[in-house]
Amino acid sequence: MLEKCEVVSRVGQEIVVRVHNCVKMHARVFDANRREVGRVIRVFGPVASPYALVALNQQADADGLFIRC
């Protein structure tokens, strides 16, 4: 199952996203074309609405990112 995530910030090859359901360390992140573009390297923030730090493995468009739950 893929969950759409909201991009909060981007610095170089790392982005911070807000997730609404589930997120796990090392979860794969996909673009709108279902190509893997990165992985979750850190989860932080409130339990009810956590944030995830994603390391991108290529220059990806920050719009339309999805995390595998």
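- Applying the side-chain hydrogen bond (donor to acceptor under 3.5 Å, both in side chains) rule to R34 yields no partners; only residues at least two apart in sequence or on another chain are considered.
- The list of salt bridge (charged side-chain N to carboxylate O under 4.0 Å, His left out) pairs with a residue in residues 37-59, not counting sequence neighbours, reads E36-R39.
- We find the CG-CD distance between L53 and E14 to be 4.5 Å, quoted to the nearest 0.5 Å.
- The side-chain heavy atoms of I15 and V17, taken from C-beta on, include a pair separated by under 4.5 Å.
- Cluster annotation: L65 is not connected to M1 through the hydrophobic network of ILVMFWY side chains, with a link wherever side-chain heavy atoms come within less than 4.5 Å.
- Counting non-hydrogen atoms of neighbouring residues, nucleotides and ligands closer than 6.0 angstrom, the NZ atom of K24 reaches no more than 12 such neighbours.
- Inter-residue side-chain proximity for V40 and V29 is flagged as met; some heavy-atom pair is nearer than 4.5 Å.
- When hydrophobic clusters are built by joining Ile, Leu, Val, Met, Phe, Trp and Tyr residues whose side-chain heavy atoms come closer than 4.5 Å, directly or via intermediates, V37 is not grouped with V11.
- The nearest pair of heavy atoms linking A27 to R68 is CB-O, 3.7 Å.
- Other members of the hydrophobic cluster containing F30, listed by chain and number, are L2, F66; membership follows side-chain contacts under 4.5 Å among ILVMFWY residues, whether direct or relayed.
- Here CD1 of I67 is found 4.5 Å from SG of C5. Values are rounded to the nearest 0.5 Å.
- Residue N57 holds its CG atom at 10.0 Å from CZ of R35, rounded to the nearest 0.5 Å.
- Applying the side-chain contact (heavy atoms from CB on, under 4.5 Å) criterion to V8, with sequence neighbours excluded, gives V16, R18, Y51.
- E3 is linked by a salt bridge (charged side-chain N to carboxylate O under 4.0 Å, His left out) to nothing, counting only residues two or more places apart in sequence or in another chain.
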